[in-house]
Amino acid sequence: MRMTRLHAPTLKETPKDAEVVSHQLLVRGGYIRKLAAGIYDFLPLAQRVLHKISRIVREEMDRAGAQEVLLPAVQPAEIWQESGRWSKYGPELLRMNDRKGGEFCLGPTHEEVIVDLVRRDVRSWRSLPLNLYQIQTKFRDEIRPRAGLMRGREFIMKDAYSFDVDEAAANESYDAMFEAYQRIFRRCGLDFRPVEADTGAIGGSRSHEFQVLADSGEDAIVGCTACDYAANVEQAELEPAQREVAPAGPALETVETPDKRTIAEVSEFLGLDATRFVKTLIVDADGTLHAILVRGDHDLNEIKLAKVLGADAVRLADDAQVVAATGAPVGFAGPVGLKGVESIIADHAVRGLRDAVVGANAADAHHMHVDEGRDFRVARFADLRLAVDGDPCPRCGGALKGYRGIEVGHVFFLGTKYSEAMRCNYLDESGRERPMVMGCYGIGVTRIMAAAIEQNHDDRGIVWPRAIAPYQVAVLPLQMNKTDVVEAAESIYTRLSDAGIETLLDDRNERAGAKFADAELIGAPLRIAIGGRGLREGIVELKVRGGDAVEKIPLERLHDEIRSRLA
RNA sequence: CGGGGUGUAGCGCAGUCUGGUAGCGCACCAGUUUUGGGUACUGGUGGUCGGAGGUUCGAAUCCUCUCACCCCGACCA
């Protein structure tokens with residue numbers, strides 16, 4: 001491709017609405033443009049990258065036995081009502097009406113559509129297992145789209161759905177997808193880790209996320225430093241610690257803590273470590289208030305709490321609810337004498353705490369020397385907090401360590417949740433009707449593009465992993481007024497292109513500096529610089545993007561050299 | 001949805017406080033020049049100043065409403 005013809009408008013300056021590096025470089029490099037919040041145009045360079053990623057995904061999905069389909073983006077409300085998600089999914093589901101007033105939505109995921117498809121035509125155990133996938137544009141009306149392609153509203157996703165006769169077979173399908181995903185992300189050149197995950201709105205019982213490790217990632221994950229256990233912090237199980245319960249401490253005492261509300265403020269004011277505090281959170285679980293206790297240095301995990309309470313929606317109570325429940329303004333809630341809640345539930349780490357500090361349920365006051373069991377009673381202890389560095393691994397007892405990650409893939413074991421709700425049944429060998437056992441598997445294709453950049457860039461631009469680079473080679477004639485330079489570049493370009501190597505020729509009448517800058521921004525893995533000086537010695541310069549070395553390659557050896565580099 | 005911020009040419013910005021009819025750099029077009037790390041010069045194209053209403057002789061500027069976008073939080077594959 002000639003740069004004079006390529007539609008890749010590069011920018012010298014970073015647009016101010018781009019904060020994360022992948023967003024900045026994709027805009028500056030002429031890969032994407034924004035149409036609306038979380039909605040982007042993909043320009044030719046981006047489309048080439050997306051094709052590369054999609055191709056890898058297709059090859060591995062096909063290899064794993066899945067078959068590609070293409071399902072509608074616009075879906076009728078009826079099937080969503082049938083699965084129960086029309087009312088459960090919330091405003092993230094973009095709903096609309098057709099001219100006759102019929103209700104539709106833009107598909108955020110395709111369980112309903114695929115189940116509807118399969119239940120109509122698959123009746124026999126002989127047709128199973130079946131795994132169907134598609135690569136298609138999804139729409140989720142995110143509360144706050146952000147970070148460019150990392151969390152858009154419209155994005156390209158590969159979604160696959162497996163149907164099996166029973167749980168054992170479904171687990172095999174799940175394992176096959178797990179393997180395929182590892183191959184896909186490895187081939188894309190990503191440094192990633194599969195982690196155990198929560199099943200979220202999709203539902204189901206077994207789930208793994210594939211997290212690309214990057215400090216800019218939105219997700220917090222923990223990994224064991226001793227074994228290969230890794231999990232989303234939301235999911236990481238924490239066993240109750242085995243420890244001695246100390247004898248009762250000194251008697252409870254109430255102290256003035258004027259205007260000190262947060263653990264940090266009170267802990268500084270009293271000169272006591274945060275581990276000595278009990279944080280009392282008033283939560284609203286499906287309309288019922290509960291007091292949740294976690295140690296001062298720990299954070300509540302609302303997902304674990306929702307499971308423990310068996311609630312659909314758990315949120316922190318608002319100010320008015322807190323005042324009603326505790327009789328004090330926000331910041332002074334405590335378990336001692338607390339009456340205004342349905343129950344008091346505590347994290348394991350609170351059990352047997354002695355000489356603790358808690359809110360006094362009165363403005364500007366806290367209790368000191370509080371003993372759990374003596375001064376307040378807990379209805380139930382459970383694992384309710386987020387894991388932190390140093391927590392014990394639930395598998396081997398080793399130390400957990402926290403990382404940031406970008407979720408590029410997620411696999412779910414669904415069981416019969418959708419097949420039962422939507423009567424997706426088959427006849428087994430004995431002629432009995434049974435629900436199919438399902439799994440679903442997603443990959444964020446556009447998000448992979450962003451994640452690859454987050455992981456592979458420098459201060460000049462993108463450093464593409466070779467497998468997903470839009471072009472492999474950039475050919476730069478450095479002086480456009482020198483006929484021999486232009487001719488050499490043209491000839492190299494033609495020969496590489498004819499050999500099927502994706503090559504960009506920078507035939508613009510620009511100076512060398514501008515060409516170097518754009519080549520580095522766009523990020524082709526190999527760069528050939530051709531100048532009059534080198535040509536007199538019969539050489540051109542080859543540079544690997546991301547490296548430092550500039551190699552002088554004799555013209556006659558160049559073609560073979562490039563081919564061997566790309567092999 | 002709560003908090004914070006920004007809307008002036010494709011991009012980055014000044015002008016707004018103190019009202020007088022829009023400017024700078026980059027990009028783009030033409031010409032000259034230059035040709036190994038974003039050449040230099042000259043001349044140009046392009047904006048109903050996010051939108052609506054109001055105040056005023058006069059509004060980018062003051063007032064009211066509204067929309068969009070970004071960040072943090074809550075939420076979320």
Side-chain angles (χ1 to χ4, degrees), chain A residues 9-20 23-24 27-28 30 33-39 89-93 107-111 138-148 150-153 155-159 197-204 207-211 218-219 232 234 283-284 300 302-303 306 313-319 405-412 440-447 460-461 476-483 485-486 506 508-521 527 529-536 540-541 543 550:
Chain A
T10 57
L11 301 175
K12 268 192 210 175
E13 292 179 273
T14 303
K16 66 172 173 181
D17 60 359
E19 191 135 303
V20 299
H23 188 195
Q24 293 176 345
V27 174
R28 283 194 52 216
R33 290 291 185 260
K34 183 173 69 189
L35 180 63
I39 301 177
Y89 213 97
E92 202 176 302
L93 184 65
T109 176
H110 280 65
E111 282 80 10
K138 296 282 188 282
F139 194 93
R140 296 181 188 179
D141 199 358
E142 293 282 344
I143 294 172
R144 185 156 89 83
R146 72 191 99 171
M150 302 257 274
R151 181 169 295 277
R153 290 194 289 174
F155 58 98
I156 299 171
M157 180 171 169
K158 187 285 301 179
D159 48 323
D198 180 64
T199 50
I202 302 274
S207 176
H208 288 86
E209 292 167 349
F210 291 79
Q211 294 277 359
E218 284 192 286
D219 293 335
N232 196 302
E234 297 168 344
V283 302
D284 175 331
L300 172 67
E302 291 184 23
I303 289 176
V314 171
R315 58 174 181 79
L316 286 178
D318 60 34
D319 291 8
I406 302 165
E407 181 191 347
V408 291
H410 202 153
V411 294
F412 297 87
C440 73
Y441 318 92
I443 289 180
V445 174
T446 38
R447 192 182 271 185
R460 295 170 184 278
L476 313 187
L478 298 180
Q479 301 113 335
M480 294 303 284
N481 59 334
K482 294 193 175 153
T483 323
V485 169
V486 173
D506 197 342
R508 298 174 303 171
N509 189 21
E510 291 287 347
R511 298 175 49 105
K515 294 190 180 184
F516 286 136
D518 274 342
E520 281 152 354
L521 179 59
R527 181 185 87 192
I530 301 147
R533 227 161 52 201
L535 281 186
R536 280 195 291 281
V540 296
E541 289 165 10
K543 186 163 185 295
V550 175

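Proteins come first, then strands; the chains are lettered A, B, ... in the order of their sequence lines, and each starts at number 1. Here the structure is a predicted model, which is why all the values come from computation and not from measurement.
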Compare the minimum distances between each of B/C76, B/C69, B/G38 and the side chain of A/A517, then state the nucleotide with the smallest one.
-> B/G38
Picking from B/U35, B/C69, B/A77, which would you name as closest to the side chain of A/K34?
-> B/C69
Side chain to side chain contact (heavy atoms under 4.5 Å, CB included) involving A/A517 - partner list, sequence neighbours excluded = none
Considering residues at least two apart in sequence or located in another chain, which fulfil the side chain to side chain contact (heavy atoms under 4.5 Å, CB included) criterion with A/K138?
-> A/H110, A/Q134, A/Q136, A/F155, A/M157, A/D159
For the side chain of A/E19, counting heavy atoms from C-beta on, which of B/C71, B/G36, B/A77 is nearest?
-> B/C71
Using a cut-off of 4.0 Å on non-hydrogen atoms, how would the nucleic acid contact of A/R508 be classed: base, sugar-phosphate, or nothing?
-> nothing
What is the nucleic acid contact for A/E407, judged by heavy atoms within less than 4.0 Å: base, sugar-phosphate only, or nothing?
-> sugar-phosphate
Would you please name every residue forming a side chain to side chain contact (heavy atoms under 4.5 Å, CB included) with A/E92, sequence neighbours left out?
-> A/Y89, A/R140, A/E142
When we call it a touch if two heavy atoms are under 4.0 Å apart, what does A/E142 touch: a base, just sugar-phosphate, or nothing?
-> base
Derivation and outcome, salt bridge (Lys or Arg N to Asp or Glu O under 4.0 Å), residues A/E13 and A/R28 | CA-CA 7 Å; A/E13 292 179 273; A/R28 283 194 52 216; over 6 Å; no
Between B/C69, B/A77, B/G73, which nucleotide has the shortest distance from any of its atoms to the side chain of A/R146?
-> B/G73
Side chain to side chain donor-acceptor pair (under 3.5 Å) partners for A/E209, two or more places apart | A/Q211, A/N232
Residues passing the side chain to side chain donor-acceptor pair (under 3.5 Å) test with A/D506, sequence neighbours excluded, are A/R508
Which is true for A/A519 with a 4.0 Å heavy-atom rule: it touches a base, it touches only sugar-phosphate, or it touches nothing?
-> nothing
Base, sugar-phosphate, or nothing: which does A/K138 touch, judged by heavy atoms less than 4.0 Å apart?
-> nothing
Looking across every strand, which nucleic acid part, if any, lies under 4.0 Å from A/G531 by heavy atom: base, sugar-phosphate, or nothing?
-> base
OP1 or OP2 of B/U39 less than 4.0 angstrom from a side-chain nitrogen or oxygen of A/R511, does that happen here?
-> yes
Ring pair (Phe, Tyr, Trp, His ring centres under 6.0 Å) partners for A/F210, two or more places apart | A/F178, A/Y181, A/F185
Under 4.0 angstrom, heavy atoms only, what part of the nucleic acid is A/R536 near: base, sugar-phosphate, or nothing?
-> nothing
Nearest of B/G38, B/C69, B/G37 to any side-chain atom of A/R28?
-> B/G38
Basic-acidic side-chain contact under 4.0 Å: A/R527, A/E541 | no
Can you check whether A/F155 stacks with the B/A77 base, using ring centres under 5.5 Å and planes within 30°?
-> yes
Taking only nitrogen or oxygen atoms into account, show me every contact under 3.5 Å that the protein makes with nucleotides 23-32 of chain B, one pair per line with its distance.
from, atom 1, to, atom 2, distance (Å)
B/G25, N2, A/E13, OE1, 2.9

Output one line per pair: protein atom, nucleotide atom from nucleotides 1-7 of chain B, and distance, for all N/O pairs under 3.5 Å.
from, atom 1, to, atom 2, distance (Å)
B/U6, O2', A/K16, NZ, 2.8

Partner residues of A/P9 under the side chain to side chain contact (heavy atoms under 4.5 Å, CB included) criterion, sequence neighbours left out | A/H7, A/R33, A/L43
Pair assignment for B/U55, Watson-Crick or G-U wobble, requiring both distances under 3.5 Å = none
Quick one: label A/G534 by what it contacts on the DNA or RNA (base, sugar-phosphate, nothing), any heavy atom closer than 4.0 Å.
-> base
